[in-house]
Amino acid sequence: MSLKDNIAKDIIRIMNKQELAEVTTYDGTPITVIPQINEDNGKGNTFTNDGHAAGGFFWILEADVPYPNPGSVIAYKGINWTVARLVSTAGGLHKVAVTGRESVY
């Protein structure tokens with residue numbers, strides 16, 4: 001078995017909904033993700049140093065979302081998280097940075 005085959009099997013284990021992964025939506029389409037969300041609002045938002053926003057990351061299967069786009073929405077636990085940027089892609093997984101609960105105050 002090749003390294004690539006082993007990585008593919010590991011991704012299946014990692015993205016198991018009985019373990020770390022959860023089902024949510026990406027622009028309304030159901031997908032499986034592993035969330036890493038900072039629930040605290042920090043200073044600044046997507047556009048300026050003013051206001052506040054919460055941030056975090058989602059790991060998404062490349063097979064579910066081949067090309068994550070900034071501005072796309074991941075709905076997770078009642079909050080719409082906006083994809084800010086694609087951080088990395090490796091082994092069939094994307095890591096995307098997200099912001100949510102933005103405010104101007």
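To the nearest 0.5 angstrom, E22 atom CD is 9.5 Å from I34 atom CD1. Rounding to the nearest 0.5 Å gives a distance of 11.5 Å between NZ of K95 and OG1 of T89. Between the CD1 atom of I79 and the OG1 atom of T99 there is a distance of 11.5 Å, given to the nearest 0.5 Å. Summarising the geometry, atom OG1 belonging to T32 is positioned 6.0 Å from atom CG belonging to L61; distances are rounded to the nearest 0.5 Å.
Remark: side-chain polar atoms of H94 are paired, donor with acceptor, to backbone N or O of P66 under 3.5 angstrom.
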Yes or no on side chain to side chain contact (heavy atoms under 4.5 Å, CB included) for V98 and I74, after CA distance, side-chain angles and deciding distance? CA-CA 8 Å; V98 295; I74 298 172; 4.3 Å; yes
Run the ring-ring contact (aromatic ring centres under 6.0 Å, His included) test on Y76 and F58 for me, step by step, so that the C-alpha distance in whole Å, both residues' side-chain angles and the decisive distance to 0.1 Å come before the verdict. CA-CA 10 Å; Y76 178 71; F58 284 96; 5.5 Å; yes
Give the intermediate values and the outcome of side chain to side chain contact (heavy atoms under 4.5 Å, CB included) for residues I31 and V65. CA-CA 8 Å; I31 62 168; V65 181; 4.1 Å; yes
Steps toward side chain to side chain contact (heavy atoms under 4.5 Å, CB included) verdict (Q36, W59): CA-CA 8 Å; Q36 181 185 355; W59 278 264; 3.0 Å; yes
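In the hydrophobic clustering of ILVMFWY residues, with side-chain heavy atoms under 4.5 Å counting as a link, V83 and L86 come out together.
When all heavy atoms of P70 and A84 are compared, the closest pair comes out as CB-O, 3.6 Å. The two atoms that bring D27 and S72 nearest to each other are OD2-OG, 3.0 Å, heavy atoms only. Counting all heavy atoms, side chain and backbone alike, P68 lies closest to Y26 at CA-OH, 3.3 Å.
Contact annotation: the side chain of I60 approaches that of V96 to within less than 4.5 Å [non-hydrogen atoms, C-beta and beyond].
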